[in-house]
Amino acid sequence: MQLEQMYQEIILDHYRQPHGAGLRDPYDAETHHINPTCGDEVTLRVKLDGDSVQDVSYESLGCSISQASTSVLTDLVVGKSVEEAFRILESFQEMAQSRGKVPGDEDVIGDGIAFAGVSKYPARVKCALLGWMAFKDAVVRVKEEETS
Amino acid sequence: MQLEQMYQEIILDHYRQPHGAGLRDPYDAETHHINPTCGDEVTLRVKLDGDSVQDVSYESLGCSISQASTSVLTDLVVGKSVEEAFRILESFQEMAQSRGKVPGDEDVIGDGIAFAGVSKYPARVKCALLGWMAFKDAVVRVKEEETS
Amino acid sequence: MTAVQAPSGLDLAAIRGDFPILSRTVREGRPLVYLDSGATSQRPRQVLDAERTFLETHNAAVHRGAHQLAEEATDDYEAARAKIALLVGAEPEELVFTKNATEGINLVAYAFSNASIRTGLSADSERFALGPGDEIVVTELEHHANLVPWQELCRRTEATLRWYGITDDGRIDLDSLELSERTRVVAFAHQSNVTAAIAPVAELVRRAREVGALVVLDACQSVPHMPVNLTELGVDFAAFSGHKMLGPSGVGVLYGRTELLDAMPPFITGGSMIEMVRMEGSTYAPPPQRFEAGVPMTSQAVGLGAAVDYLSAIGMDRVFAHEQELARVALDTLGQVEGVRIVGPSDLTDRGGAVAFVVDGVHAHDVGQVLDDRGVAVRVGHHCAWPLHRRFGIAATVRASFHVYTTVEEVAQLADGVRAAQKFFGV
Amino acid sequence: MTAVQAPSGLDLAAIRGDFPILSRTVREGRPLVYLDSGATSQRPRQVLDAERTFLETHNAAVHRGAHQLAEEATDDYEAARAKIALLVGAEPEELVFTKNATEGINLVAYAFSNASIRTGLSADSERFALGPGDEIVVTELEHHANLVPWQELCRRTEATLRWYGITDDGRIDLDSLELSERTRVVAFAHQSNVTAAIAPVAELVRRAREVGALVVLDACQSVPHMPVNLTELGVDFAAFSGHKMLGPSGVGVLYGRTELLDAMPPFITGGSMIEMVRMEGSTYAPPPQRFEAGVPMTSQAVGLGAAVDYLSAIGMDRVFAHEQELARVALDTLGQVEGVRIVGPSDLTDRGGAVAFVVDGVHAHDVGQVLDDRGVAVRVGHHCAWPLHRRFGIAATVRASFHVYTTVEEVAQLADGVRAAQKFFGV
Ligand SMILES: Cc1ncc(COP(=O)(O)O)c(C=O)c1O
Ligand SMILES: Cc1ncc(COP(=O)(O)O)c(C=O)c1O
């Protein structure tokens, strides 16, 4: 069974009890991302405090992988500086898109390494990244608004 | 050599000395037909006398087959009734499109049976029919004008 | 995989032997159970061989050359058209080769918008001209291929898109819309690629005729799976794809009544579709050539001809019977699993052989993953019918779909897989 | 057929052994001498095998499924795109799979006309909008595929078509036209499919840039026959076909600079090219997916990838050298036949390997027939370049065209055949 490699216990835990779920006020930007192949959706809000991520809240409709990865995301980035959060994001994304070649650095992406198995299933990589891309997009928007 | 079967002496004779060539006045209708695959052209005029074909005159630019077959056409239809001319045309066309299966009736199409070999070369059938289709078209136009 | 004599009377062992891919294994050595034929079917050796023989002995550009190879290639290409015509009850010159059904439907949509710009066109094409106030009618269950081209046509011509809704069991809801005198096109799927509901073609054609609208049939999921006679159905246009009917990818067919094809302006233009070309302007060949610009999908047409031979030898009525039997087994066995909801008709009346469903508490992607892990290939997602899914308030379904090589035993594995998924995700 | 070591250093015996069709005979047992590769090339075993292996082991709908077969099929399809990108010096995402080059050029032309109807479009697409007074520039030597789509675009948008004339030796006459500030597109063939003249791409790109026009390169006769780096050439779009480069029919490639593809509205719409679909309207995926609606020509893309491998293993510079050598032999031997006139450059400067000619007093069709009778397959007619022929006051030419499997001995048979034709027709 390769199934257990993909759906690690950590993933199933996050899926059953997602962290930080729900949409909260106040927020600086809200994004809505969709996976066009399966119709999964996430609405995600970001609240920054200067240069650090104060809150990430979200509502999502999707498979276990996308839900769990968004949950892990909130654990990893809330309280971090934007720079640090983006470093985590990059590291997570690199692993997720590596086709099983990059195991992921636990020091950087914590529970995120549980998704290393997902990276072997190209059709599921988008699921794993759905929330992360929505987060990236939201932060970029806040920054754009700040500078404009 | 299959070549001699296709280019019967009669064809080469008509090709070298086409009958009825040149555009003449008076005429009732003129048509211009083109073979879109090779660019060959024929301009053809028909003069009817009541219900009989008084003259067919033409100018053509094309291969030996198309030139010879237009020449044979004039021999066969000039002086005939329109009805008779169309019977000849149908018979010639049937043979030309038969892929070598219909040898052609010499009593009806005279020298036209020399083109039986051409019918085995589908790409050349259009050449053999170019003048004939222009003739048919021209007669149809005269008839249409008469009735309108 | 034990492949027994099917109740439908097909010799499945022999049939499966014709499909090399069916003997492979996936994941950790599991026999492949391919239940995704609605997306694309597999090809029998006979189709692969026909294409290869053509390429190794007759290949040349068709309708262009005068040498022997070109003659033979043209003959093979046109013979394929004639075979396909026979299968669907049409005349060969009513069939245009396209790259897929999607292109076929776009061809019709673009013919309308090209005709709507009247400069330089003959009066014949006027019947295709659209403008503000004109209506195009589709249904909410359409595949994107039979929806988006019409949306874009409406954008280009300022015509209005209207649609029939869907009933709770996934059929076109005939009561949900009245056509009007301004309805110019009624386009719908012969068989839904999600719910497998078969459309009431006669009734829809009658309604369209009543208001003088043209009927475009998306026959992607019917021609591969059941006997279809397009002339008897009385539709004006129909499109289907080779790759869903045991034939090659890269080839599809658009059917159009001669009188209509004759009057339509071209879509894709270029070589081999012209009558005369000058720098100042060009005139075009009669159909079907007018709609086949460029060097076509020659060997693919030949392969599709061989697929038609293969299907005809079995008999489309038996193909349909076999798939209905498979649908019955799928509906029966899935029906016994608690928490499974079928999206589509739950009995076999006017229904083809695909079965789409959701599993309460387990997302379709996750069900699909568990099935994949067991070697069972299904499709998960909206299957290019997003509005249909939205209508049922769901993002994604699991769809199992079949063809002539699918066995009852394979279908029975679906329910086992779903139970395994429920267990795995603890619901 | 003795196939010796070619002067260009190719091992022709080995190469010819890869092409099964070359060992067949035609007419009454004559060895096939295939000199019609400009129309369509033949395929080596390696390409046929690659397609077959794909179909027997990995075939599935790409970019749609989540099961193992779908993953593998998608990987193979995208790997093919990457290989082709490498061959032509582009990024994979700059390449769109089409059914042939004709579709590729039409895609660009329709992007312009679709952008010209501004309703519902983003501001990005504005740079493609055309209207009265705008100019599209082509040349008089274009293949119909790079002429008729632009005529039709002008019909749809009321833009004006203008063109460069041709010099007496069959090249684009750079002095015959001045671009203007209203020139929006300059479209031309990299290599003429009749005269084999290679266009001065750098100069034409420079002129187009000067007035802010986009450059569309018809690379149908260049990519299969010589090293081409599209990025270095600096063109905006380019189109070529698989079947002319030892690959399958039914697949072609459109190259577009990312920035442009990004901004273009879609052409053919349907499944797999969408971002979000609602009945009320849809949004579209980024390129190249945006332009690949429907189930694509999957195995054909894989086959084209294998053709690229095959050509790359030989080396495009050596392919070009070989064909130049063949052109030299053709020009030399035909030059010795009285009454033969070459249509195109008579030396090898900026010239590829096709040779078109007329024979005084014998129509091209008749020359072709005599050649065919001897087993020599050439093309006769206007080769979809009717205006070019009209420019030279001729209806039809004989064209001999080559590929990597063509031998010097084969080319030498041309002149013999022409002499036989002269004798037969008594000129
Ligand atoms: C120069 C040129 N352009 C365009 C084309 C059209 O290619 P296709 O028919 O493969 O679309 C051809 C070949 O037919 C060609 O030689
Ligand atoms: C009902 C229906 N319509 C249209 C299509 C589009 O077919 P293709 O992608 O082969 O063009 C499909 C399949 O994908 C389908 O199932």
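All chains are named by letter (A, B, ...) in the order of the sequence lines, taking the proteins before the strands, and each is independently numbered beginning at 1.
Comparing C/Val138, C/Ile117, C/Asn106, C/Leu55 by how many heavy-atom pairs each has under 4.5 Å with chain D, the most go to C/Asn106. Among C/Ala145, C/Gly120, C/Ala385, the residue with the largest count of heavy-atom pairs under 4.5 Å with chain D is C/Ala145. Taking chain C as the reference chain and counting heavy-atom pairs below 4.5 Å, the highest number among D/Arg45, D/His143, D/Glu103 is found for D/Glu103. Of the residues considered (C/Arg156, C/Glu51, C/Arg118), C/Arg156 shows the highest number of contacts with chain D, using heavy-atom pairs under 4.5 Å.
A side-chain donor from one of C/Asn59 and D/Gln42 sits under 3.5 Å from a side-chain acceptor of the other. No side-chain donor-acceptor contact under 3.5 Å links D/Thr269 and C/Glu152. Looking at C/Thr74 and C/Glu71, their side chains never bring a donor and an acceptor atom within 3.5 Å of each other. No side-chain N or O of D/Ser272 forms a donor-acceptor pair with one of D/Glu292 less than 3.5 Å apart.
Residue C/Ser41 touches chain D through its backbone alone, counting heavy-atom pairs closer than 4.5 Å. For C/Asn114, the parts lying under 4.5 angstrom from a heavy atom of chain D are both the backbone and the side chain. For D/Val378, the part lying near chain C is the backbone, with the side chain staying farther off; criterion is any non-hydrogen pair under 4.5 Å. For a residue to count as touching a neighbouring chain, one of its non-hydrogen atoms must lie under 4.5 Å from one of that chain's; by this rule C/Arg24 touches chain D with the side chain only. Looking at D/Arg27, both its backbone and its side chain come within 4.5 Å of chain C, counting heavy atoms on both sides. Contacts of C/Thr160 with chain D are absent, with no heavy-atom separation under 4.5 Å from either backbone or side chain. Heavy atoms of C/Ser241 lying under 4.5 Å from chain D are absent altogether. For C/Leu48, the parts lying under 4.5 angstrom from a heavy atom of chain D are both the backbone and the side chain. C/Asn193 does not touch chain D: none of its heavy atoms, backbone or side chain, sits under 4.5 Å away. With a 4.5 angstrom heavy-atom cutoff, C/Leu161 touches chain D only via side-chain atoms. For D/Pro296, the part lying under 4.5 angstrom from a heavy atom of chain C is the backbone only. In this structure, chain D has heavy atoms under 4.5 Å from both the backbone and the side chain of C/Arg278. With a 4.5 Å cut-off on non-hydrogen atoms, D/Glu140 touches chain C through its backbone and its side chain both. For chain D, no part of C/His383 is nearby; none of its heavy atoms comes within less than 4.5 Å. Of the atoms belonging to C/Glu72, it is side-chain heavy atoms, and not backbone ones, that fall under 4.5 Å from chain D.
Under the ring-ring contact (aromatic ring centres under 6.0 Å, His included) criterion, D/Tyr110 pairs with C/Tyr110, C/Phe267, D/Phe267, sequence neighbours left out.
Between C/Arg374 and C/Val370 the shortest side-chain heavy-atom distance falls below 4.5 Å. With contacts defined as side-chain heavy-atom distances shorter than 4.5 Å, the pair D/Arg155/C/Leu121 qualifies.
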Step by step, would you call C/Arg162 with C/Cys154 a side chain to side chain contact (heavy atoms under 4.5 Å, CB included)? CA-CA 10 Å; C/Arg162 300 176 66 211; C/Cys154 289; over 6 Å; no
Do C/Phe97 and C/Tyr77 pass the ring pair (Phe, Tyr, Trp, His ring centres under 6.0 Å) test, and can you show the C-alpha distance, the side-chain angles, and the key distance before you say yes or no? CA-CA 10 Å; C/Phe97 283 120; C/Tyr77 179 69; 5.1 Å; yes
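Ring geometry for C/His363 versus C/His365: interplanar angle over 60°, hence perpendicular rather than tilted (30 to 60°).
Side chain of C/Arg43 to main chain of C/Leu246: no donor-acceptor pair is present (N/O by atom type, distance under 3.5 Å, no hydrogens or angles).
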